[in-house]
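Just so it is clear: chains get the letters A, B, ... in the order the sequence lines come, proteins before strands, and each one is counted from 1.
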Amino acid sequence: MSNEQIAVLLRNVAAAYSIKDDKKFRFQVLAYQKAADTIAHLNSEIMDYYKSGTLDSLPGIGTSIRSHLEELIKTGKVKRFEWVFEGIPGAIFPLLDIPSFGPKKAYALVKHFKLKNPKTVITDIEKLGIEGKIASLPKFGEKSQSDILRALSEFKEGKGKTTRMVLPYAHEVADKLVYYLKELPEVDKAEPLGSLRRGVATIGDIDIAVASNKPKEVIEHFTSYPYKERVIEKGDISASIMVSGGRQIDLMVQPPDAFGSLLQHFTGSKNHNVHLRELALKKNFSLSERGIKFLKEKNQPIKRYETEEEFYAEIGLQYIEPEMREDTGEIELALANKLPDLVELKDLKGDLHTHSNYPIEPSHDLGLSSVEEMLNEAKKLNYEYLGFSEHNPSVSKHTNREIYEILEKRSEKIEQIKSNNKSVRIFKMLEVDILPSGKLAIDEKSLSLLDAAVVSVHSVFSMDKNKMTQRVLAGLSYSKAKILAHPTGRLLNVRPGYDLDWDKIFEFCKKFDKALEINSWPNRLDLPDTIIRKAVESKVKMVINTDSHRVSQMIMSKYGVMLAKRGWAKKSDILNTLSYNDFSNWLKS
DNA sequence: GCCGTTTTCGGCCCGACTGTTTTCAGTCG
């Protein structure tokens, strides 16, 4: 079973518990939801945890859920779950993906209309709504009937609870809205928060916090946004709108002197906030977006915090960078004043994976900007060095000799530019395909023309984990191969990427002094953050690259840095924070 | 069901908004 399937099953268990007896099973519901979230966000197969007997090392999975999962994997079913699902109609489950549908609403509808078929339940309900039969149910009315119909039709057009967008698109939507909000004089500050601020690879809803003493005016302005499709909610201090493409934007307002606690609250993550608030409760503090209530002191007003730093300090914590706020150990470290000093954008001294438009006749895409243009941009970015890593010349269209000649010519051109350009140093590199056999696409003689190679997989993604690991290690074993580019091959919202045996990869990288790339390309963001974290723990070195194909893309390293921070990478974990001489020595080692 | 720097028992975040209600349940983040 896939992680996704297991996550869905656990979510269904939570929903079934909630229908069975909301009060009695309150904590089971929470526990199963948390376990489902954990599994849904794993970057390696749940089967690997099962095989190594480490299932209960995962947050939210204890002895009980672990044994249920083991039973599931061994026998294909779980006795306890069968009991939980008893009397719960299967037709409720497809409804749970639809925004505004929870277990209660789904059950009420399915039960009342005796809907049996999970495959048709959505169209069944739609039909009942159109016939006007939902409005007469107890606790339902005309408004909820039309809300249901709209939710169903938006769902059919792709607006589900789990649909997510890639980072730059989310930034674009958020930036436009922030710009619009700031047109209102009553808006002191407006900032995008949530998963966008934490640098999560894909974004669900966009969250925006506003500092203002006039919340009514702000909400009015926000809900009048000209590019909105509709207003979802509109209250005194918060509101939600939907913009084109079914994207939801949530906004919340607090007075400027309480902006710190709002930033903290709205940045999340949910798990981080829950942990923080539980911790605070033990000290008799109650935290919220409004500030801190001191529970021992009766009738005291809520204390407000203008900055997040003050807010964290009041609870006795070091300031925690947004990228770390996932409740994966950062709160414990902050308590002990032992948070790592994370890598920053300004630490980067170069980019080793860029594609110029030099006519190298590759089988994959060529860049669109010239070597000179890219060097100019590198200078603007304060880089000391830049590596050109166009794709290798097409193997099917050229002989080895022709490839050598193409690379020789390129080498001469680069040497020429080097002599005219002293401000940014150049590395002569190449992105070389690792063929299915594990061989590199070009031979040793051609490789000898390079300072080093970035190697990567661009074909036959469907190999199993062991074979793919062997393939990648074979490719990395060439002495010129120094960096494994976009190591998992994932394309966000397109394909999941292949599985590698990370322990073996890490071991190899350390032994032979190779580096893993953190690819900043927004549809890749590869390595995934959880694997960066493991690499950091294993003391494997990494390089943050952009994979730019034109000048304007070279600033994308900011996404790579956020990703690295999510993996708790320090400056010392990232090799392209080294000076030219030190990096050059490593590259040629 | 999970979890532990006051706990292996006894806790478990906090508040916003909506529709159907006249005080609250459901959903969301």
Side-chain angles (χ1 to χ4, degrees), chain A residues 10 13-15 17-19 22-38 56-69 80 84 95-96 98-108 134-148 151 161 193-195 204-209 215 219 223 231-240 248-254 261-262 264-293 295 302 316 327 331-333 335-336:
Chain A
L10 297 183
V13 171
Y17 263 129
S18 155
I19 291 164
D22 208 4
K23 302 235 158 48
K24 187 173 166 191
F25 297 120
R26 213 169 110 220
F27 297 111
Q28 278 83 349
V29 172
L30 291 172
Y32 276 94
Q33 278 168 347
K34 185 167 186 199
D37 282 345
T38 294
D56 52 9
S57 70
L58 296 169
I61 296 181
T63 49
S64 178
I65 295 184
R66 185 205 63 206
S67 75
H68 292 331
L69 290 178
R80 177 69 185 172
V84 178
L95 299 173
L96 302 178
I98 300 167
S100 80
F101 274 74
K104 299 293 171 56
K105 193 191 282 183
Y107 183 65
I134 292 175
S136 55
L137 258 67
K139 308 258 183 182
F140 288 76
E142 288 293 338
K143 185 68 170 64
S144 40
Q145 177 170 276
S146 60
D147 285 349
I148 285 170
K161 281 180 190 169
L193 304 175
S195 44
D205 298 336
I206 290 171
D207 302 310
I208 294 179
I219 298 287
T223 52
V231 175
I232 300 169
E233 276 180 358
K234 184 178 173 184
D236 296 334
I237 61 161
S238 80
S240 300
Q248 184 173 330
I249 302 176
D250 302 327
L251 174 127
M252 192 179 274
V253 188
Q254 284 292 326
S261 51
L262 177 61
Q264 199 290 318
H265 164 76
F266 228 9
T267 298
S269 68
K270 185 181 156 195
N271 287 340
H272 176 88
N273 284 357
V274 169
H275 190 162
L276 214 60
R277 288 167 181 199
E278 283 176 356
L279 190 77
L281 269 182
K282 288 172 190 157
K283 302 185 179 185
N284 282 308
F285 297 170
S286 172
L287 312 183
S288 78
E289 60 268 36
R290 295 169 172 275
I292 299 183
K293 268 188 267 192
L295 301 175
I302 289 179
D327 192 28
I331 291 175
E332 290 80 355
L333 288 185
L335 270 170

Protein-nucleotide distance (A/Ile249, atom CD1; B/dA16, atom P), rounded to Å: 22 Å
Sugar-phosphate only, base, or nothing, as touched by A/Thr63 at under 4.0 Å among non-hydrogen atoms: sugar-phosphate
Closest to side chain of A/Lys105, choosing from B/dT27, B/dC2, B/dG15: B/dT27
Interatomic distance, A/Leu95 CG vs B/dG26 P [rounded to whole Å]: 16 Å
Sugar-phosphate, base or nothing in reach of A/Tyr17, heavy atoms under 4.0 Å: sugar-phosphate
Pairwise C1' distance, B/dT23 and B/dT18 [rounded to whole Å]: 14 Å
A/His68 side chain, from C-beta outward: closest of B/dG1, B/dC14, B/dT27: B/dG1
Sugar-phosphate only, base, or nothing, as touched by A/Leu30 at under 4.0 Å among non-hydrogen atoms: nothing
Short side-chain N/O contact to B/dC28 OP1/OP2 from A/Lys161, under 4.0 Å: yes
Sugar-phosphate only, base, or nothing, as touched by A/Lys283 at under 4.0 Å among non-hydrogen atoms: nothing
Ion pair A/Lys104/A/Asp22, N-O distance below 4.0 Å: yes
Sugar-phosphate only, base, or nothing, as touched by A/Lys34 at under 4.0 Å among non-hydrogen atoms: nothing
Gap between atoms CG and C1', on A/Asn273 and B/dC28 respectively (whole Å): 14 Å
Chi angles and distances behind the side-chain contact (heavy atoms from CB on, under 4.5 Å) call for A/Lys105, A/Lys139: CA-CA 10 Å; A/Lys105 193 191 282 183; A/Lys139 308 258 183 182; over 6 Å; no
Whole-Å distance separating the CG atom of A/Asp37 from the P atom of B/dC2: 15 Å
Ring-base stacking, A/Phe101 with B/dT27 (5.5 Å, 30° cut-offs): no
Value in whole Å for how far the P atom of B/dG1 lies from CD1 of A/Ile61: 13 Å
Distance, P atom - from B/dG15 to B/dC9, rounded to whole angstrom: 32 Å
Touch class at under 4.0 angstrom, heavy-atom based, for A/Pro138 against every strand present: nothing
Atom pair distance, as rounded to whole Å: NZ in A/Lys104 and P in B/dT20: 18 Å
Candidate nucleotides B/dT27, B/dG19, B/dT7, ranked by approach to the side chain of A/Asp147 - the nearest: B/dG19
Touch class at under 4.0 angstrom, heavy-atom based, for A/Gln28 against every strand present: base
Side-chain N,O (A/Arg26) to OP1/OP2 (B/dG1) below 4.0 Å: no
Pairwise C1' distance for B/dC13 and B/dC28, with rounding to whole Å: 14 Å
Pair partner, B/dT8 [Watson-Crick or wobble, under 3.5 Å]: none
A/Ile65 or A/Gln145, whichever maps to the more 5' nucleotide of DNA chain B: A/Ile65
Pair A/His272-A/Arg277, side-chain donor/acceptor within less than 3.5 Å: no
Which nucleotide in B/dC13, B/dC2, B/dC17 has an atom nearest any side-chain atom of A/Asp236: B/dC17
Anti versus syn assignment for B/dT7, with syn defined as within 90° of 0: syn
Sugar-phosphate, base or nothing in reach of A/Phe140, heavy atoms under 4.0 Å: sugar-phosphate
Touch class at under 4.0 angstrom, heavy-atom based, for A/Tyr32 against every strand present: sugar-phosphate
First of A/His275 and A/Ile237 reached from the 5' end of DNA chain B, by closest nucleotide: A/His275
Euclidean distance for P, B/dT27 against B/dT21 (whole angstrom): 16 Å
Over all atoms of both residues, closest heavy-atom pair of A/Ala14 and A/Gln33: CB-CG, 3.8 Å
Under-4.0 Å side-chain N/O to phosphate OP1/OP2 contact, A/Lys270 with B/dG29: no
Spacing of A/Phe266 atom CZ relative to B/dC14 atom P, expressed in whole Å: 18 Å
Any A/Arg80 side-chain nitrogen or oxygen under 4.0 Å from OP1 or OP2 of B/dG1: yes
side-chain N/O A/Lys293 vs B/dG15 OP1/OP2, d < 4.0 Å: yes
Any A/Asn271 side-chain heavy atom under 4.5 Å of A/Lys34 side chain: yes
A/Glu332 atom CD: more than 12 heavy-atom contacts under 6.0 Å: yes
Under 3.5 Å side-chain donor-acceptor pair for A/Gln248 and A/Asp250: yes
Phosphate OP1/OP2 of B/dT27: any A/Ser100 side-chain N/O under 4.0 Å: no
A/Lys143 vs B/dG19: side-chain N/O to OP1/OP2 distance below 4.0 Å: yes
Touch class at under 4.0 angstrom, heavy-atom based, for A/Leu281 against every strand present: sugar-phosphate
Separation between the P atoms of B/dT22 and B/dA16, rounded to whole Å: 24 Å
Nucleotide B/dG1, atom P - distance to CG of A/Leu58 in whole Å: 17 Å
Distance between C1' atoms of B/dT8 and B/dC2 (Å, rounded): 12 Å
Sugar-phosphate only, base, or nothing, as touched by A/Glu142 at under 4.0 Å among non-hydrogen atoms: sugar-phosphate
Phosphate OP1/OP2 of B/dC14: any A/Ser286 side-chain N/O under 4.0 Å: yes
Sugar-phosphate only, base, or nothing, as touched by A/Glu332 at under 4.0 Å among non-hydrogen atoms: nothing
Touch class at under 4.0 angstrom, heavy-atom based, for A/Leu276 against every strand present: nothing
Minimal non-hydrogen separation, A/Ala35 against A/Ile61, with atom names: CB-CG1, 4.1 Å
Whether A/His68 and A/Tyr32 hold their rings parallel, tilted or perpendicular, with breakpoints at 30° and 60°: parallel
Base of B/dT7 paired with side chain of A/Lys282 (donor-acceptor, under 3.5 Å): yes
A/Glu278 side-chain proximity, nearest of B/dT27, B/dA16, B/dC12: B/dC12
